[in-house]
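The structure under discussion appears below in the form of structure tokens.
Letters go in sequence order (proteins before strands), and every chain restarts at 1.
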Protein chains: 2
Amino acid sequence: MTPTTASAQRARPTTARKREEILKAAIETFGSKGSTNGTLADIAEQVGMTHAGVLHHFGSKQKLLLEVLSYRDKTDVEELTDQHIPGGPELFLHLVRTAFANARRPGIVQVFTVLSSESVTNGHAAHSYFLERYQVLRADVRDAFEVLCAQEGVTDREAIDKASASILAVMDGLQLQWLLEPTAVDLGEASEFAITAIVHEVLRPGQPLSSYARGES
Amino acid sequence: MTPTTASAQRARPTTARKREEILKAAIETFGSKGSTNGTLADIAEQVGMTHAGVLHHFGSKQKLLLEVLSYRDKTDVEELTDQHIPGGPELFLHLVRTAFANARRPGIVQVFTVLSSESVTNGHAAHSYFLERYQVLRADVRDAFEVLCAQEGVTDREAIDKASASILAVMDGLQLQWLLEPTAVDLGEASEFAITAIVHEVLRPGQPLSSYARGES
DNA sequence: CCTGGCTAACTTACTTGTCAGTAAGTGCGC
DNA sequence: GCGCACTTACTGACAAGTAAGTTAGCCAGG
């Protein structure tokens with residue numbers, strides 16, 4: 001068995017544990033302060049060492065940040081009993097479940113909300129991470145739609161594209177509102193409602209919005 | 001005639017113009033670097049002065065930031081011919097039009113995307129700004145839904161609440177994806193699709209998601 | 001006994017905000 | 001219409017704080 005990260009020969013058995021401790025502290029810190037305002041010293045303090053110690057493990061703040069992001073992905077998948085993200089219509093249920101689960105971990109949600117938006121700026125460290133992330137996720141949702149549409153005898157490539165982006169979008173947007181005011185939005189319920197709405201619209205498109213404004217029912 | 005801003009006697013006629021120049025530079029800078037990474041010196045350079053000059057006009061970075069936010073709101077409303085945001089079902093059309101309009105101004109969209117997420121962190125300068133903003137916007141959408149629902153003979157308070165948050169959420173979320181990869185998402189089209197979907201779901205709720213996974217149509 | 005894990009002590013690089021000073025206005029009395 | 005009093009719009013220098021990263025070296029486990 002090759003070690004997790006190829007080159008590094010991590011002698012001490014406590015090392016891996018310490019790294020994970022730092023990673024968790026980093027999630028906590030980046031989540032509550034953002035990646036620019038959260039400092040290495042903040043993180044180091046949480047695990048009882050100096051910021052130089054953190055750098056010893058991760059080399060630079062940027063590397064730590066990227067490891068935080070992939071760490072979440074890793075643990076996310078581990079949560080699934082079968083260790084893989086379901087496809088087809090099951091995916092939509094999985095997304096809803098994820099939304100409910102997220103309502104129990106504001107810290108991680110906050111890291112992602114803050115970092116994904118930060119990543120939009122010029123040459124942010126995590127720019128390509130998020131770019132690829134959304135590409136992959138949209139493709140996953142698209143695939144699920146294709147299975148479902150075949151099942152229901154519907155085909156509308158354009159609708160599927162718009163719906164795929166929209167589903168991810170509502171989830172993100174609701175997280176933002178929920179983080180700002182947790183009591184104002186029920187993250188799980190609202191996500192479920194919106195995802196259901198979008199799925200329905202793909203399967204059975206209704207009349208255009210403008211007809212309501214004109215008073216037609 | 002009382003002067004525009006009560007106390008302040010802004011003698012020089014060029015002052016207002018310069019302030020606006022700074023404001024626009026700040027939008028540019030905060031948009032491309034975020035409010036934490038964008039410095040007063042960056043902004044000052046764009047308008048050909050020193051950072052101290054900027055502080056002379058706005059007092060502090062925080063005040064400048066808040067003025068940037070309300071400046072956008074002000075110019076936003078000015079765009080509307082009738083100078084006020086429409087209510088009732090018209091609001092949904094207005095939101096869709098806004099989404100299409102936003103696709104033409106990535107700069108401003110980026111400021112809002114970046115700042116709204118930043119504002120989620122601990123004691124961010126713009127935290128309460130965005131908190132209140134979403135409260136107001138959700139209430140506006142809720143009102144529109146109530147008019148529409150009365151018109152269509154539907155009542156579901158819970159659905160309306162979830163839908164109101166969801167509509168704002170999709171718009172924000174789509175902006176994020178669009179900023180990351182403008183070619184991957186059509187901001188206007190996708191927003192229209194999602195908003196329509198959510199409105200339909202309130203008016204005519206469909207079967208639960210789980211039924212599709214079970215293969216029932 | 002050597003290497004990994006860590007710290008102390010810096011260095012370097014910024015950033016915001018303050019301050020004093022200056023040049024160019026503005027408006028007023030005359 | 002002119003000069004004087006006063007204000008505005010800055011600049012340049014600097015204080016104070018904070019962050020990332022570097023280096024030398026100590027200590028303990030394997």
Once you round it to whole Å, what is the distance between [atom2] of [N] and [atom1] of [X]?
X: A/Arg19; N: C/dG4; atom1: CZ; atom2: C1'; answer: 14 Å
X: A/Arg17; N: D/dG29; atom1: CZ; atom2: C1'; answer: 15 Å
X: A/Glu45; N: D/dA19; atom1: CD; atom2: P; answer: 11 Å
X: A/His56; N: D/dT23; atom1: NE2; atom2: P; answer: 15 Å
X: A/Leu65; N: D/dG21; atom1: CG; atom2: P; answer: 12 Å
X: B/Phe58; N: D/dC10; atom1: CZ; atom2: P; answer: 11 Å

Atom pairs and distances, donor-acceptor, side-chain atoms in residues 183-192 of chain B, under 3.5 Å, two or more places apart:
unit_1: B/Asp186; atom_1: OD1; unit_2: B/Gly188; atom_2: N; d: 3.2
unit_1: B/Asp186; atom_1: OD1; unit_2: B/Glu189; atom_2: N; d: 3.0
unit_1: B/Ser191; atom_1: OG; unit_2: B/Leu187; atom_2: O; d: 2.6

Original post:
Given D/dT11, is OP1 or OP2 found less than 4.0 Å from the side-chain N or O atoms of B/Thr50?
Top reply: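 For D/dT11, OP1/OP2 do have a side-chain N/O of B/Thr50 under 4.0 Å.
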
Scan [range] for pairs that pass salt bridge (charged side-chain N to carboxylate O under 4.0 Å, His left out), counting only residues two or more places apart or in two chains.
range: residues 41-64 of chain B; value: B/Lys33-B/Asp42
range: residues 100-113 of chain A; value: A/Asp76-A/Arg105, A/Glu79-A/Arg105
range: residues 130-142 of chain B; value: A/Glu181-B/Arg138, B/Asp73-B/Arg133, B/Arg142-B/Asp161
range: residues 110-119 of chain B; value: none

**OP:** Give the nucleotide from the list C/dG4, C/dC6, D/dT8 with an atom nearest to the side chain of A/Thr15.
**Re:**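 Looking only at heavy atoms from C-beta outward on A/Thr15, the closest nucleotide is C/dG4.
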
**OP:** Summarise how protein sits on nucleotides 15-20 of chain C as a single string, 5' to 3': B when a protein heavy atom is under 4.0 Å from the base, S for sugar-phosphate-only contact, - for no contact.
**Re:** SSBB--

Original post:
Which heavy atom of B/Glu201 sits nearest a heavy atom of A/Ala197, and at what distance?
Top reply: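 Result for this residue pair: CB-CB, 3.4 Å.
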
